[in-house]
Amino acid sequence: METTRIQTVLRLEPELLERVKRRARKEKKSFNRYVELLLERETSLCFPKLPEDFTISEEVLGLRQFRLEEPSAEELAADPKLAYLWEKYGKK
């Protein structure tokens, strides 16, 4: 699946640029790909990416009947993962 890439400018200290280039070469990746992987890893939530054909068992789907207590605004603000999960799965 081809994705569109947007070109951007990144300003770095010369020493940092050289360290990143060396690490990219060591990892056998282009500078661009290496930086992209670092940014993806650092900004993604700690949830695995599931294959498109992933199915949820009936046993797990049956758990939807349980209603969780809504977290407070303070709890949601303090915990981005909880906020994400509540937004995606908690509201009914």
Side-chain angles (χ1 to χ4, degrees):
M1 184 169 124
E2 183 68 26
T3 58
T4 302
R5 298 265 195 288
I6 298 172
Q7 188 172 4
T8 187
V9 175
L10 185 61
R11 291 181 185 89
L12 301 172
E13 292 293 326
E15 292 103 21
L16 175 58
L17 176 62
E18 288 309 310
R19 286 197 317 264
V20 174
K21 284 181 177 181
R22 278 195 306 272
R23 183 62 65 95
R25 282 192 300 269
K26 183 177 178 184
E27 299 286 328
K28 297 183 177 22
K29 303 215 178 324
S30 70
F31 173 81
N32 190 78
R33 182 65 184 140
Y34 184 71
V35 170
E36 190 175 29
L37 289 170
L38 289 175
L39 292 172
E40 177 64 35
R41 183 174 55 210
E42 289 300 317
T43 61
S44 67
L45 294 172
C46 297
F47 299 107
K49 292 184 180 178
L50 300 174
E52 289 185 25
D53 61 346
F54 179 80
T55 58
I56 300 173
S57 71
E58 291 299 321
E59 180 181 11
V60 172
L61 288 173
L63 297 174
R64 290 188 299 183
Q65 65 185 336
F66 296 102
R67 180 74 172 142
L68 298 174
E69 183 178 312
E70 183 169 357
S72 70
E74 293 82 20
E75 290 173 305
L76 292 172
D79 189 342
K81 290 180 185 177
L82 175 62
Y84 169 81
L85 290 171
W86 185 254
E87 180 66 31
K88 188 160 185 168
Y89 302 110
K91 295 180 179 181
K92 289 208 178 203

Please report, to 0.1 Å, the donor-acceptor pairs under 3.5 Å made by any side chain of residues 18-33, with sequence neighbours excluded.
unit_1 : atom_1 : unit_2 : atom_2 : d
Ser30  : OG     : Arg33  : N      : 3.0
Arg33  : NH1    : Glu36  : OE1    : 3.0

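With sequence neighbours excluded, the residues forming a side-chain hydrogen bond (donor to acceptor under 3.5 Å, both in side chains) with Glu40 are Lys49, listed by chain and number. In this structure Pro51 satisfies the side-chain contact (heavy atoms from CB on, under 4.5 Å) test together with Asp53, Phe54, sequence neighbours excluded. Residues forming a side-chain hydrogen bond (donor to acceptor under 3.5 Å, both in side chains) with Glu74 (at least two apart in sequence, or on another chain): Ser72. For Thr43, the side-chain hydrogen bond (donor to acceptor under 3.5 Å, both in side chains) criterion is met by no residue, not counting sequence neighbours.
Linking ILVMFWY side-chain heavy atoms closer than 4.5 Å, directly or via other members, places Leu10 and Leu37 in two distinct hydrophobic clusters.
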